[in-house]
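Contents: one structure, followed by commentary.
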Amino acid sequence: AQSVTQLGSHVSVSEGALVLLRCNYSSSVPPYLFWYVQYPNQGLQLLLKYTSAATLVKGINGFEAEFKKSETSFHLTKPSAHMSDAAEYFCAVSDPPTDKLIFGTGTRLQVFP
Amino acid sequence: DSGVTQTPKHLITATGQRVTLRCSPRSGDLSVYWYQQSLDQGLQFLIQYYNGEERAKGNILERFSAQQFPDLHSELNLSSLELGDSALYFCASSAGLYNEQFFGPGTRLTVL
């Protein structure tokens with residue numbers, strides 16, 4: 001069965017600092033991987049997705065993620081954090097033959113001025 | 001705004017009761033998914049419908065059921081409610097298999 005593990009339930013950075021949120025996946029087949037963001041009292045919004053094309057995936061709001069098969073990782077990065085990036089971030093993998101999403105436990109990002 | 005609407009936004013009810021959550025997918029999307037978000041279990045997939053037919057089932061309790069209607073809106077029915085059913089219930093929709101899933105704002109269910 002597919003699964004994802006997010007390391008670190010809370011990450012704190014200063015405004016302008018690098019953001020790195022970690023995600024490792026377990027998949028028996030080439031996976032489709034996703035990062036979603038959830039702002040307080042809102043639904044989930046897709047940041048980016050990997051579907052076996054380029055290994056470096058660029059998303060919205062300056063985020064990007066790199067698929068590394070050798071490390072079974074799909075870490076999310078942003079070069080310079082902004083206060084508005086404070087939210088909860090979820091890594092997810094699709095579960096073939098369905099396309100239901102299996103989510104990690106989430107990482108809450110805090111950004112300090 | 002994802003284009004997916006969910007009603008009601010909040011629902012407070014008592015143990016043993018039955019409720020219905022409603023979801024309208026984005027225009028043109030045939031696939032509807034239901035997810036539950038709770039502190040205990042995190043985000044979990046419940047069930048998926050595609051063009052009116054059940055396509056996939058997750059860890060959905062027997063007390064829960066869902067359907068997708070000809071106009072493609074979906075309803076999630078929760079019965080014999082327990083305190084542990086208190087959670088955020090999200091609906092998502094997509095155009096087809098492995099397409100991006102767009103999430104609605106959720107329905108927050110509180111069972112007292």
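Naming: A, B, ... by sequence-line order, numbering from 1 per chain.
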Same hydrophobic cluster for [X] and [Y], using side-chain heavy-atom links shorter than 4.5 Å among ILVMFWY?
X	Y	value
Val4(B)	Leu21(B)	no
Leu11(B)	Leu81(B)	yes
Val13(A)	Leu21(A)	yes
Phe90(A)	Trp35(A)	no
Leu109(A)	Met83(A)	yes

Any chance you could measure [X], atom [atom1], to [Y], atom [atom2], to the nearest 0.5 Å?
X	Y	atom1	atom2	result
Gln37(B)	Glu88(A)	CD	CD	7.0 Å
Asn99(B)	Lys49(A)	CG	NZ	6.0 Å
Glu100(B)	Leu48(A)	CD	CG	10.5 Å

What do you reckon, is [atom1] of [X] surrounded by more than 12 foreign heavy atoms closer than 6.0 Å?
X	atom1	value
Asp71(B)	CG	yes
Leu39(B)	CG	no
Arg22(A)	CZ	no

Contacting moiety of [X], where chain B heavy atoms sit under 4.5 Å:
X	answer
Gln45(A)	neither
Lys100(A)	both
Ser94(A)	side chain

Counting only non-hydrogen atoms closer than 4.5 Å, does Tyr35(B) touch chain A with its backbone (N, CA, C, O), its side chain (CB onward), both, or neither? side chain

Quick one: are the ring centres of Phe103(B) and Tyr36(A) less than 6.0 Å apart? yes

Could you tell me whether the side chain of Leu101(A) reaches within less than 4.5 Å of the side chain of Gln101(B), counting heavy atoms only? yes

So do the side chains of Phe90(B) and Leu44(A) get within less than 4.5 Å of each other, counting heavy atoms only? yes

Can you tell me if Asp99(A) and Gln48(B) form a side-chain donor-acceptor pair at under 3.5 Å? yes

